[in-house]
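Read the structure below first, then the notes.
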Amino acid sequence: MWNERQIPDEPIDVLVPPQSRKKLNSKLADRKIPYVVAHGDLQTVIDNQNTNTNKNTSDTKAAYNLDWTSYHRLSNIYAFLTYLNTTYPRLVQLINIGSSYEKRPLYVIQISSSPSPGTRPAIWIDGEPNCFLGFHAREWISPAVATYIIQQLVEVPANAKLLSNVDWYIMPVVNPDGYEYSHTRDRLWRKTRSMTSNPACRGVDPNRNFGYKMNSDF
């Protein structure tokens, strides 16, 4: 199931492996259930989704190799953060908060116009589409949104008012191992790449690893 049915008789999207298609078609016909094939070959759709996904760009004419018309590899995202840190030292601080399971750095970018960053109320952005950015490996739109927010806050003067009384902390990619794996090996990979007690079941869902009401006053 690719979507959750909210009300009775609402259509749902189902992914069916090729070897099961005829059997499913027969069962749907027997029960007179209408259906539409949205994509006859999903793998082709995935392969054509983003022509730049399997390479790291190196256009030396650009200040950074990032745009918001295609999805980008982790190295380009990190190079963008490094560029901002170097170019806008009074506004941006790149903070390394640790390493992933596969030893990739975990970066948070602090954006503050205050002479004493860290002393004002803060806005934090990370994780997944609903409330975070970058937790789930296959959800490429999330890091793209995060980097767009960063670019708008740092490089667009008209947005300076958004920095007037708060500091921003943004972590574009919380799950760098899974993100890279979804670019190079398995486009639909969701989890981290850490080992578990079951060798056949690798990785965990990052946002399932917080305690109930963690750091909450509610």
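Below, each value reflects all heavy atoms present in this structure, side chains not excepted, and no hydrogens, waters or symmetry copies.
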message = Closer than 3.5 angstrom, by distance alone: can the side chain of Tyr78 be matched with the main-chain N or O of Pro105 as a donor-acceptor pair?
response = yes
ask   = OH/Tyr179 to NE2/His136 distance, rounded to the nearest 0.5 angstrom?
value = 15.0 Å
ask   = Are the side chain of Ser26 and the backbone of Lys23 linked by a donor-acceptor contact shorter than 3.5 Å?
value = no
query = Is any side-chain heavy atom of Gln151 closer than 4.5 Å to a side-chain heavy atom of Leu66?
reply = no
ask   = Taking a hydrophobic cluster as the set of Ile, Leu, Val, Met, Phe, Trp and Tyr residues connected by side-chain heavy atoms closer than 4.5 Å, whether directly or through intermediates, do Tyr181 and Leu188 fall within one such cluster?
value = no
message = I need the minimum non-hydrogen distance between Pro117 and Ser114, along with the two atoms involved.
response = CD-O, 3.4 Å
message = In this structure, would Phe80 and Val156 fall into the same cluster of hydrophobic residues linked by side-chain contacts under 4.5 Å?
response = no
key: Separation of Ile125 CD1 from Tyr169 OH (nearest 0.5 Å)   = 13.0 Å
query = Taking the side chain as C-beta and beyond, is there a heavy-atom pair between His72 and Thr147 under 4.5 Å?
reply = no
task = Verify, without hydrogens or angle tests, whether Trp168 (side chain) and Leu162 (backbone) share a donor-acceptor contact under 3.5 angstrom.
result = yes
inquiry  = Tell me whether Glu180 contacts the main-chain N or O of Leu74 through its side chain, where contact means a donor paired with an acceptor under 3.5 Å.
reply    = yes
request  = May I ask you to decide if Tyr101's main-chain N or O and Ser194's side chain share a donor-acceptor pair within less than 3.5 Å?
outcome  = no
key: Pairs where residues 151-175 contributes a residue and the test salt bridge (charged side-chain N to carboxylate O under 4.0 Å, His left out) is met, not counting sequence neighbours   = Arg120-Asp167
Heavy-atom pair with the smallest gap, counting every atom of Leu15 and Pro17 = O-CD, 4.1 Å
ask   = Got Asn85 and Ile109 here, is their nearest side-chain heavy-atom distance under 4.5 Å?
value = no
query = So, do Trp140 and Ser182 sit near enough that their side-chain heavy atoms are less than 4.5 Å apart?
reply = yes
task = Compare all side-chain heavy atoms of Cys201 with those of Lys191 and state whether any distance is below 4.5 angstrom.
result = yes
request  = To the nearest 0.5 angstrom, please state how far the CG atom of Leu81 sits from the OH atom of Tyr107.
outcome  = 8.5 Å
key: Side-chain (Ser113) to main-chain (Ser164) donor-acceptor, under 3.5 angstrom   = no
inquiry  = Keeping Ser100 on the side-chain end and Pro176 on the backbone end, is there a donor-acceptor pair under 3.5 Å?
reply    = no
query = Above 12 or not: heavy atoms from other molecules or residues under 6.0 Å from OH of Tyr148?
reply = no
inquiry  = So, taking the atom named NE2 in His39 and the one named OG1 in Thr44, what distance separates them when rounded to the nearest 0.5 Å?
reply    = 11.0 Å
key: Donor-acceptor contact below 3.5 Å, side chain Trp68 vs main chain Tyr71   = no
inquiry  = Is the shortest side-chain heavy-atom distance between Leu24 and Tyr35 below 4.5 Å?
reply    = no
task = Supply the atom-to-atom distance Ser142 OG to Asn175 CG, rounded to the nearest 0.5 angstrom.
result = 11.0 Å
query = Is the shortest heavy-atom distance from the side chain of Tyr88 to the side chain of Ile111 under 4.5 Å?
reply = no
task = Among Lys103, Arg104, Arg202, Arg193, find the residue that satisfies the salt bridge (charged side-chain N to carboxylate O under 4.0 Å, His left out) test when tested with Asp177.
result = Arg104
inquiry  = To the nearest 0.5 Å, what is the distance between CH2 on Trp189 and OG1 on Thr192?
reply    = 8.0 Å
request  = Mark yes or no for whether Thr87, through its side chain, and Leu84, through its backbone, hold a donor-acceptor pair below 3.5 Å.
outcome  = no
